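We name chains A, B, ... by the order of the sequence lines, and we start the count at 1 in each one. As the structure is a computational prediction, the values presented were derived from the model and not from experiment.
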Number of protein chains: 2
Amino acid sequence: VTAAPPRALLFDVFGTLVDWRGGMTRAGEQAGRRLGVDADWAAVADSWRARYQPALDTVRRGERPWVVLDVLHREALDAVLDEHGLGDRVPPAERDELTRGWHRLDPWPDVPAAMRRLRAAFPVAPNSTAHMALIVELSRRAGLTWDAVGGAELARAYKPDPETYLRSAAALGAAPAETMMVAAHNGDLLAAAECGLRTAFVARPAEHGPAQATDREAAEGVELAVGDLVELAERLGA
Amino acid sequence: VTAAPPRALLFDVFGTLVDWRGGMTRAGEQAGRRLGVDADWAAVADSWRARYQPALDTVRRGERPWVVLDVLHREALDAVLDEHGLGDRVPPAERDELTRGWHRLDPWPDVPAAMRRLRAAFPVAPNSTAHMALIVELSRRAGLTWDAVGGAELARAYKPDPETYLRSAAALGAAPAETMMVAAHNGDLLAAAECGLRTAFVARPAEHGPAQATDREAAEGVELAVGDLVELAERLGA
């Protein structure tokens with residue numbers, strides 16, 4: 001970074017810090033063994049994630065009040081299981097358990113140590129569509145430590161609503177221009193930049209599996225692009 | 001505790017975890033030395049704190065919108081300095097610096113180690129009238145680590161508004177009855193109990209100085225009373 005380092009860092013979580021596809025594939029496989037059901041659980045995870053933005057959109061458009069992500073995940077799962085011909089094979093209690101799988105995702109290998117290093121140098125907060133209870137459970141399990149939890153529940157809105165960026169930065173005591181949003185998704189970063197935040201792209205080219213076509217590199221207008229969080233820590237002098 | 005341990009813990013901050021009177025006396029003495037002003041800075045700290053609940057009441061009664069505590073502290077300071085005959089001795093920049101003193105309070109001696117022990121066993125969050133940026137700065141300085149930051153900024157209301165208790169518990173993924181509020185103030189605890197939370201009183205008999213008359217022991221209706229957080233950790237099996 002040629003400019004001065006930021007004063008605070010915000011992080012996207014799903015895909016940027018944790019491997020949702022691997023974690024939800026594993027959660028599906030565990031359910032499948034309990035139920036004696038054979039399925040392509042990676043494909044189920046992909047279908048589930050594909051329903052994520054459309055579900056958020058119903059809140060963004062004001063068609064329903066803000067709800068915690070568990071509710072949207074659980075609703076979408078019913079349609080996903082039908083889509084994969086599993087609608088009569090997975091009982092409600094297992095659907096609840098599968099939904100809780102989103103609380104138990106593993107961090108990418110570079111994340112835990114690099115986050116400790118970054119947090120020693122900067123106040124850090126997640127700015128995720130996930131609600132706080134999901135972040136708390138996931139972070140305790142993954143050994144991630146935050147100074148505050150920003151994001152959807154604080155703003156009662158989902159990214160890219162400007163309040164998610166602005167209130168998350170304020171929670172860390174930093175002005176937007178002093179705050180850097182870190183994400184593996186260009187759309188998130190460009191929305192942050194529109195709110196006056198600084199931006200860092202971290203490459204997660206296997207987030208969506210081996211054939212990922214999107215977000216393989218930083219878009220124009222993103223300040224910094226790194227291969228992982230260790231490189232981010234180095235670039236920021238952490 | 002005869003009942004099962006709680007699933008999550010919420011903490012009051014000023015007075016319960018940190019020594020605001022000692023910290024603000026020190027901040028005043030430092031300002032006094034810079035300005036060549038001699039004053040009874042402990043008395044100034046007491047006057048400042050005495051204006052705290054009346055200032056919060058203007059928000060509680062809906063006479064003004066919710067604001068971060070820095071704003072209320074800074075406004076009250078003007079009246080406090082006049083009251084102590086210091087109105088023309090402390091320039092605006094020093095008043096801002098004094099106000100920032102509330103971000104730099106030291107924990108009581110039992111707190112850092114006991115909080116690490118409690119956090120190893122339970123998700124923990126502050127439920128304070130302080131805004132998140134104050135909590136973040138104070139906690140980083142004091143070595144306190146949280147799973148989430150509840151309280152006034154999350155609820156956009158001040159205790160004893162029920163939303164402060166309910167939204168802070170939800171942030172930790174716990175139902176009210178699974179959550180224990182920890183405070184040195186009976187009023188805070190009885191309000192938490194009305195929201196269905198469990199309660200623990202921690203004695204801070206010198207919070208207001210040597211002649212403290214209030215909150216010397218737990219009120220009737222408080223579940224648990226301890227002498228410090230080490231005793232709380234022991235009683236909760238942490």
Side-chain angles (χ1 to χ4, degrees), chain A residues 7-10 66-71 99-100 102-104 115-116 118-128 130-157 163 166-176 178-179, chain B residues 7-10 66-71 99-100 102-104 115-116 118-128 130-157 163 166-176 178-179:
Chain A
R7 275 195 54 205
L9 304 178
L10 299 177
W66 183 84
V67 290
V68 298
L69 191 55
D70 283 346
V71 171
T99 302
R100 279 294 280 275
W102 291 95
H103 296 219
R104 300 175 192 136
M115 282 300 300
R116 283 192 289 277
L118 287 162
R119 181 170 180 257
F122 305 101
V124 294
N127 176 14
S128 169
H131 47 302
M132 292 181 179
L134 189 158
I135 294 287
V136 167
E137 186 172 353
L138 181 149
S139 298
R140 284 181 71 90
R141 188 178 168 283
L144 301 177
T145 308
W146 305 104
D147 291 287
V149 179
E153 188 163 354
L154 180 59
R156 292 250 162 180
E163 289 295 301
L166 299 175
R167 292 195 58 179
S168 299
L172 295 178
E178 298 170 331
T179 306
Chain B
R7 274 194 56 204
L9 303 179
L10 298 177
W66 183 84
V67 290
V68 297
L69 191 54
D70 283 346
V71 171
T99 302
R100 279 296 280 274
W102 292 95
H103 296 219
R104 299 175 193 137
M115 282 300 302
R116 281 192 289 278
L118 287 163
R119 182 170 181 258
F122 305 101
V124 294
N127 176 14
S128 170
H131 47 301
M132 292 181 178
L134 188 159
I135 294 289
V136 167
E137 187 173 353
L138 181 150
S139 298
R140 285 180 72 90
R141 189 178 168 283
L144 301 177
T145 307
W146 304 106
D147 291 288
V149 179
E153 187 163 354
L154 179 59
R156 291 252 162 178
E163 289 294 302
L166 300 175
R167 293 193 59 181
S168 298
L172 294 178
E178 298 171 331
T179 306

Practice task
Check salt bridge (charged side-chain N to carboxylate O under 4.0 Å, His left out) between A:Arg119 and all other residues, then give those that pass, not counting sequence neighbours.
Solution key: A:Asp147

Fill in the blank from the handout: Turns out that what part of B:Ala120 lies under 4.5 Å from chain A's heavy atoms comes down to backbone

Problem - Proximity of residues 132-141 of chain B to chain A, residues having a non-hydrogen atom under 4.5 angstrom - result: B:Met132, B:Ala133, B:Val136, B:Arg140

Handout entry: Residue selection (most heavy-atom pairs with chain B, distance under 4.5 Å) from A:Ala170, A:Pro123, A:Ala148
Key = A:Pro123

Completion exercise
Given B:Gly173, B:Ala125, B:Ala8, B:Ala171, the one with more heavy-atom pairs under 4.5 angstrom with chain A than any other is B:Ala171

Fill in the blank from the handout: Heavy atoms of A:Arg167 and B:Glu153 approach each other most closely as NH2-O, 3.3 Å

